[in-house]
Amino acid sequence: MLSNTEIAKKLLEIRTLMEMAGESFYKYMAYEKAAASVENAPPLRDLVAAGEHLKLPGVGKSIGAAIEQLVTSGGAEQLDLLYQRFPPSLIEVLGVSGIGTKTAAMLFTEYGIASLADLEAAIAAGTLTSVPRLGSKTIENWKRGILAYKGRQRRTPLPQALAIARQVVAHLQAGPPLERLAFAGSLRRAEVTVGDIDIVCTSQHAADVIGHFAQWPRAEAVLAEGPTKASIWLSGGLQIDLRVLPDHLYGNLLQHFTGSREHNIKLREYAVRRNLRVSENGILNLENGEVITCTDEEGVYAALGMQFIPPELRSGLDEIELARARTLPVLIQSADLRGDFHMHTTWSDGDDTLEAMTAAAAARGYEYHAISDHSRGRARRFGMGADELRRQREEIAAASARYGIRTLQASEVDILPDGSLDLDDDVLAELDVVVASVHTATSQSREQMTERLIRACQNRYVTILGHPTGRRFDSSRGYEFDYDAVFAAAARTGTALEIDGQAARLDLPAPLARLAKSYGVTLALDSDAHRTGDLAAIEFAVGQARRAGLGKADVLNARSLDDVLAFVARKRNAA
DNA sequence: GCCGTTTTCGGCCCGACTGTTTTCAGTCG
């Protein structure tokens, strides 16, 4: 079963092959728009089953049919036809930076180059030296591009990219004077993974800033270097783009570089209908030739007659329509959070003591937090049973009093393969909060996993379902289950679903959190910290929540302690 | 191929940088 991301990839493949086949620009661009739409949509498998995929923006009759085929069979008629003209292996040639569809199509039809291996062989044999408009510099760039392609990791997880971005910023700030600087692109939109790092800044010394940037010692290569813009490559293939403009254009610049691409296209299409041309250089009034420049991003959206659109919502779905109607949701913010329900200590697999974690939680200004060490689980060395929990309770009371924060006792209890829990109900009943998670038997069938999770929701003591999909960037793709069935069960039983902010997880991902909200589910944003320094990972959970369009009312830990305890009690008493 | 707060037909974002060029096509974001 193909995931949304995989289907989006197939649509982009169709788009690329159509361009090579000489189809019209707008025809293949429609596939690109549809692919972006699919990325942010709820699971297509379920949409297609309900016939609702045709409601996705950019998906009409033709593309809708292709999506249906991809969902049911994993392939599409149209793709097969295109494969008759161009081999699938030609796609990898386009992965080489500097080679686009025109060049790839030319290399294939004129020189029979059908794969990356063919291209390497042709370069080595020198057969391309006689090709018109192909000089030695281009060939050298391709060689470098091939190396980068081979060494390139997949898209970089957001937390990792952010750490690198901060190092670049430190380098930039040590250079020529800057006025304002910000992360842009997918990093600012809090996408779960980023393809490259975009940074914008304003300065009166653009050329010097660019030069300083290009000389960053960690840069493996400088891809492009112009008067206002440069791109570098790090070893491993991550690309960093910097754009520098004068400060009075900061709003236009930030808006432009934050994207997404689809958001900008839609925004500009809308602007054109109002005789306005939007770019990073300002908003040009096509009627009177005046240029509106904006010192902040709010000004850009205001000039277009709409509400400010938070970066996390700029996906190109329906945010522009909502902003025009002034009906965008008011998104949750970090400052709204009053606590964190998921963290570990040295009582189980955490690195820091309960006291240290409590002090750190208090230092973040929380009203409450929950210590949720693991249950004993299968062969877990430090997991906690009834006795350990009882002893831990005394330590919690002492720490809570010392740091002036309400420390709740929780457990991250394993959901066993049959959906029962690793601790007995009478033990769970003594806890303030219960986070239930799947850690074992993750290869169960979709049906088994669905049953298992629903049964966990039905336990009156389960407050929160932890990292619900089980995916991890470093190891696991996660397990499959029927999202609709489980989310409906969570809503029905008053069980919250977690958005786990741990760097390797970010689970639930935003499209699923959005789906959960549509079922009326309450979400809990957690750090899943195993050391004091990781409590800040809750920010990543906030990012996903914002992408999902969640507001304060949707988030359990944006509520007061009394309201949280009432949420817990309501479920316990309802059963 | 998709879409509509002037349109169900006639539109469809915008600009920077590179290489190989005497004016621009291709690529990229």
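No experiment lies behind these values; they were computed from the predicted model shown. Just so we're on the same page: letters track the sequence lines, and every chain starts at 1. Only this structure's heavy atoms are used, side chains among them; waters, hydrogens and symmetry mates stay out.
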Give, ordered by number, those residues of [range] having at least one heavy-atom distance below 4.0 Å to an atom of DNA chain B; if nothing qualifies, reply none.
{"range": "residues 292-321 of chain A", "answer": "none"}
{"range": "residues 130-145 of chain A", "answer": "A:Arg133, A:Leu134, A:Gly135, A:Ser136, A:Lys137, A:Thr138, A:Asn141"}
{"range": "residues 13-33 of chain A", "answer": "A:Tyr26, A:Lys27, A:Ala30, A:Tyr31"}
{"range": "residues 262-269 of chain A", "answer": "A:Ile265, A:Arg268, A:Glu269"}

**Prompt:** Looking at A:Tyr250, is A:Arg180 sitting on its ring face, NZ or CZ under 6.0 Å from the six-membered ring centre and within 45 degrees of the normal?
**Reply:** yes
**Asked** On DNA chain B, which is the earliest and which the latest nucleotide, 5' to 3', with an atom closer than 4.0 Å to a heavy atom of chain A?
**Response** B:dG1 to B:dG29
**Request:** Identify whether the distance between the nearest side-chain nitrogen and carboxylate oxygen of A:Glu312 and A:Arg547 falls below 4.0 Å.
**Result:** no
**Prompt:** For B:dT7, does the O4'-C1'-N9-C4 (purine) or O4'-C1'-N1-C2 (pyrimidine) torsion place it in syn, i.e. within 90° of 0, or in anti?
**Reply:** syn
**Asked** With ring centroids as reference points, do A:Tyr83 and A:Phe86 lie under 6.0 angstrom apart?
**Response** no
**Message:** Looking only at the side chains, is there a donor atom on one of A:Asp484 and A:Tyr519 sitting less than 3.5 Å from an acceptor on the other?
**Reply:** yes
**Distance-only donor-acceptor check, side chains A:Glu539 and A:Ser334, under 3.5 Å** = yes
**Message:** Going by side-chain hydrogen bond (donor to acceptor under 3.5 Å, both in side chains), name the residues that satisfy it together with A:Lys27, two or more places apart in sequence or in a different chain.
**Reply:** A:Glu23
**Prompt:** Touch check for A:Thr101, heavy atoms < 4.0 angstrom, all strands: base, sugar-phosphate only, or nothing?
**Reply:** sugar-phosphate
**Item:** Base-pairing mate for B:dC12 - Watson-Crick or G-U, with both contacts under 3.5 Å
**Value:** B:dG1
**Residue whose nearest DNA chain B nucleotide is more 5′ - A:Pro227 or A:Asp241** = A:Pro227
